> 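Sharing a structure here in structure tokens format.
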Amino acid sequence: MAMGKYSRVDGKKSSGYGLTITIVLIVSLCLVGAWMFMSSWSAPTESIDFSANERTKDVDTTKSDFKSEEVDRGSKSFSDEKNEETEVVTETNEEKTDPEKSGEENSGEKTESAEERKEFDDKNGDGDRKNGDGEKDTESESDETKQKEKTQLEESSEENKSEDSNGTEENAGESEENTEKKSEENAGETEESTEKSKDVFPAGDQAEITKESSTGSGAWSTQLVESQNEKKAQVSSIKWKVCNVTAGPDYIPCLDNWQAIRKLHSTKHYEHRERHCPEESPRCLVSLPEGYKRSIKWPKSREKIWYTNIPHTKLAEVKGHQNWVKMSGEYLTFPGGGTQFKNGALHYIDFLQESYPDIAWGNRTRVILDVGCGVASFGGYLFDRDVLALSFAPKDEHEAQVQFALERGIPAMSNVMGTKRLPFPGSVFDLIHCARCRVPWHIEGGKLLLELNRALRPGGFFVWSATPVYRKTEEDVGIWKAMSKLTKAMCWELMAIKKDELNEVGAAIYQKPMSNKCYNERSQNEPPLCKDSDDQNAAWNVPLEACMHKVTEDSSKRGAVWPESWPERVETVPQWLDSQEGVYGKPAQEDFTADHERWKTIVSKSYLNGMGIDWSYVRNVMDMRAVYGGFAAALKDLKLWVMNVVPIDSPDTLPIIYERGLFGIYHDWCESFSTYPRTYDLLHADHLFSSLKKRCNLVGVMAEVDRILRPQGTFIVRDDMETIGEIEKMVKSMKWNVRMTHSKDGEGLLSVQKSWWRPTEAETIQSAIA
């Protein structure tokens with residue numbers, strides 16, 4: 001009985017104790033839930049550290065959902081072009097925040113926070129599956145779009161893989177390696193945070209991601225927020241230094257890499273004049289020459305430039321008697337002569353026209369390549385005949401020849417006929433010119449002349465003005481015989497040999513065939529025809545090969561029909577685009593026309609009148625990411641020229657640009673451009689940097705922009721607002737003047753002017769010390 005009694009008492013105690021524990025647990029859970037709710041409620045909203053001006057300009061970033069894909073951007077820009085660009089004209093640099101609007105935003109802060117939390121919950125709930133599917137659809141469309149147009153990187157990589165030479169695999173690997181480069185800015189983001197952001201925030205807008213992730217994560221930060229904040233801090237804390245290099249104010253990183261040049265096993269094929277880019281792009285700023293002044297305006301610059309801008313006298317001493325360049329007080333003057341035209345380029349230009357009238361300067365012949373150009377007087381005076389001449393020469397003992405050309409306002413670039421293909425597509429130049437260009441065309445199976453054959457349009461002309469044409473020395477006679485044999489085997493027809501009595505020189509004019517008849521009738525296959533798999537448009541870091549590509553005879557394909565005469569060809573849609581799909585997702589011909597009209601509107605309504613640019617000082621222009629060349633075409637009536645750059649990871653549209661009577665080049669903007677410092681008056685970048693920062697560090701790219709652009713030059717950027725914010729911070733850190741900003745639907749426009757500022761501290765670039 002006692003045991004039973006005690007047993008009942010113990011049982012009551014156990015029941016009361018359990019009830020107490022249950023109540024405590026319930027209360028604890030309520031408190032924890034309340035704490036978590038309040039923590040989420042009160043968590044501060046992270047924001048990108050832009051200025052008040054920048055925050056005001058962010059218009060509906062949550063609505064933008066803008067991807068870097070060409071299809072989305074193209075369709076939007078074409079449909080909105082008129083309204084958007086009209087607004088751009090009215091924008092000023094400084095936009096002020098409306099006080100009443102600001103007050104409303106503060107009073108509604110809690111409401112917005114609640115809405116954001118609700119949106120966050122929705123995206124993690126039923127909406128997650130829907131958004132995820134939508135993202136997959138977008139990525140699928142993106143992949144299809146990328147397959148429509150091959151990039152130069154893909155073409156060159158495929159071509160390198162198909163080469164049998166020893167160095168081919170190495171070059172292909174370099175191209176692929178460039179594709180797989182990742183920005184240091186993105187290195188801190190883990191796979192886990194990337195996957196999370198895709199699932200929860202399929203819109204992809206960085207500003208929206210930062211705000212929502214911090215609001216919905218309680219007291220904890222996220223890797224995404226931490227990484228973004230660190231990237232912004234790195235940009236805002238940039239401390240620029242001046243480059244301490246042997247070349248000083250004339251530094252070209254990929255041509256002055258002495259560390260790489262010293263390691264070369266041979267220089268027989270001018271390997272030391274080719275591009276050898278440092279492993280990491282320099283992030284320092286190139287110094288100014290002492291006494292540097294703003295460049296003289298065109299057309300006076302064709303005749304004279306400031307000596308202090310390019311203080312080099314060697315050419316004046318060596319070539320002064322040939323009227324290349326002379327010293328005249330504070331100027332370097334250019335009488336317009338050259339080795340083959342001591343009495344002026346215009347007389348020589350007319351002599352060539354009279355020698356073979358079918359050349360038809362400015363009509364049939366519009367875009368030409370001048371090899372070994374000297375100071376480019378030939379190209380400089382062809383502007384008077386409506387001809388665009390892209391001149392090139394190596395950075396060699398002919399001190400600063402290309403630099404002189406660019407300072408004069410004449411298109412030129414540093415390049416050499418060496419071991420690699422020229423950075424141009426196949427079959428694009430109407431005429432190629434060589435006046436005593438010192439290139440041994442006839443040796444090694446004619447490999448170098450065969451490279452010109454690749455770049456020359458079927459039916460195009462090669463003008464060779466050199467001593468073997470008109471002198472009878474033993475050496476000259478031997479070279480002439482070798483050239484005659486080679487050109488005959490290449491099926492080039494000798495159209496004329498004429499002598500200029502005034503200059504006592506002569507010229508031979510050859511024409512490339514427009515059919516394959518001669519190739520098929522040759523008794524010997526020397527030089528051999530290239531393999532069918534050899535892509536003549538693949539040019540980026542592709543080794544030279546001694547072979548010829550067959551010409552296109554199908555009238556529906558590029559190269560079979562000569563383009564329209566200038567100026568009609570600039571607006572004419574190439575017929576061979578008929579069967580293709582365009583970059584922006586429409587049929588190519590429709591795409592071309594829409595792009596042309598879009599840039600005409602932008603340039604006329606905004607760039608020419610709404611940005612405060614003094615166009616009288618604008619001569620040398622670069623479109624850093626040209627598509628169809630619409631920007632350059634819209635500027636055709638101004639006294640300037642545009643270097644159209646097609647990045648190697650963009651759709652390969654450069655042949656279309658040449659078809660319009662314009663010119664351009666392939667380039668990888670993770671590397672230095674082959675030009676001297678301070679050679680362009682205006683740089684234009686349309687949605688370049690948002691894609692570029694996935695592969696390389698934007699600080700190095702902006703250092704290159706600073707190197708290329710002249711003081712007081714203009715830099716125009718169009719991109720998403722996050723990228724615009726990063727670029728704006730960097731240009732401000734270089735003391736540049738922001739002239740105008742504009743934003744709409746997550747898209748931004750930035751126009752800045754470079755200042756004269758240079759840092760006081762120096763940074764030694766070991767690779768550039770000779």
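All residue numbers refer to positions in the sequence shown, counting from 1. Being a predicted model, the structure only gives us computed values, none of them experimental.
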> So, Asp595 and Lys586, do they make that salt bridge, N to O below 4.0 Å?
no
> If you measure from CE on Met624 to CG on Asp686, what distance do you get to the nearest 0.5 Å?
12.0 Å
> So Trp669 and His667, would you call those rings parallel, tilted or perpendicular, with 30° and 60° as cut-offs?
perpendicular
> Between Arg718 and His742, does any side-chain donor sit less than 3.5 Å from a side-chain acceptor?
no
> Can you see whether Thr151 engages Asp649 through a side-chain donor-acceptor pair at a distance of less than 3.5 angstrom?
no
> Just checking Tyr628 against His596, ring centres under 6.0 Å apart?
no
> Using the benzene-type ring in the case of Trp, are the ring centres of Trp298 and Tyr617 under 6.0 Å apart?
no
> Examine the side chains of Glu704 and Ser672 and answer whether a donor and an acceptor come within less than 3.5 Å of each other.
yes
> Between the side chains of Asp668 and Trp540, is a donor N or O closer than 3.5 angstrom to an acceptor N or O?
no
> Looking at every non-hydrogen atom in both residues, tell me the closest pair between Pro249 and Val286 and how far apart they are.
O-CG1, 3.6 Å
> Considering all heavy atoms of both residues, which atom of Gly629 and which atom of Asn644 are nearest to each other, and what is their separation?
CA-OD1, 4.1 Å
> If we only count heavy atoms from C-beta on, is the Ile665 to Met413 side-chain gap below 4.5 Å?
yes
> Asp681 and salt bridge (charged side-chain N to carboxylate O under 4.0 Å, His left out): which single residue from Arg710, Lys297, Arg619 fits?
Arg710
> Considering non-hydrogen atoms only, spot the tightest contact between Pro655 and Tyr666 and give its length.
CD-OH, 4.1 Å
> Could you verify whether a donor N or O on one side chain and an acceptor N or O on the other, from Trp240 and Ser733, lie under 3.5 Å apart?
yes
> Does Arg678 qualify as a cation-pi partner of Tyr292, given the criterion of NZ or CZ under 6.0 Å from the six-membered ring centre and within 45 degrees of its axis?
yes
> Would you confirm whether Ser650, through its side chain, and Val646, through its main-chain N or O, come within 3.5 Å as a donor-acceptor pair?
no
> Give, for atom CZ of Arg408 and atom CZ of Phe404, the distance between the pair rounded to the nearest 0.5 Å.
10.0 Å
> Do Asp745 side-chain atoms and Glu747 backbone N/O form a donor-acceptor pair below 3.5 Å?
no
> Could you walk me through whether Lys239 and Glu761 pass the salt bridge (Lys or Arg N to Asp or Glu O under 4.0 Å) check?
CA-CA 9 Å; Lys239 187 174 182 180; Glu761 294 185 38; 2.9 Å; yes
> If you measure from CH2 on Trp757 to CG on Leu288, what distance do you get to the nearest 0.5 Å?
11.5 Å
> Checking Lys754 against Trp736: charged group under 6.0 Å from the ring centre and within 45 degrees of the axis?
no
> To the nearest 0.5 Å, tell me how far Asp614 CG sits from Gln753 CD.
9.5 Å
> Can you tell me how far OG of Ser751 sits from CZ of Arg739, rounded to the nearest 0.5 angstrom?
7.5 Å
> Assess the pair His684 and Tyr607: is the distance between their ring centroids shorter than 6.0 Å?
yes
> Drop me the distance from Phe663's CZ to Leu390's CG, to the nearest 0.5 angstrom.
5.0 Å
> Carefully, step by step, assess Val705 and Leu683 under the rule side-chain contact (heavy atoms from CB on, under 4.5 Å).
CA-CA 8 Å; Val705 168; Leu683 299 182; 3.7 Å; yes
> Decide yes or no on side-chain contact (heavy atoms from CB on, under 4.5 Å) for Met730 and Ile238, but give the supporting numbers first.
CA-CA 8 Å; Met730 282 188 271; Ile238 295 174; 3.7 Å; yes
> Hey, is the main chain of Tyr584 close enough, under 3.5 Å, to the side chain of Asp591 for a donor-acceptor pair?
yes
> If I compare all heavy atoms of Ile252 with all of Pro677, which pair ends up nearest, and what's the gap?
CG1-CD, 4.5 Å
> Return yes if some donor-acceptor pair links the side-chain N/O of Thr308 with the main-chain N/O of Glu290 below 3.5 Å, else return no.
no
> If you look at every heavy atom in Ala633 and Val570, which pair is closest and at what distance?
CB-CG2, 3.8 Å
> Between Glu407 and Ser301, is there a side-chain donor-acceptor contact under 3.5 Å, judged purely by atom types and distance?
no
> If only atom types and distance count, is the side chain of Arg366 paired as donor or acceptor with the main-chain N or O of Asp386 below 3.5 Å?
yes
> Closer than 4.0 angstrom, basic N to acidic O: yes or no for Lys693 and Glu726?
yes
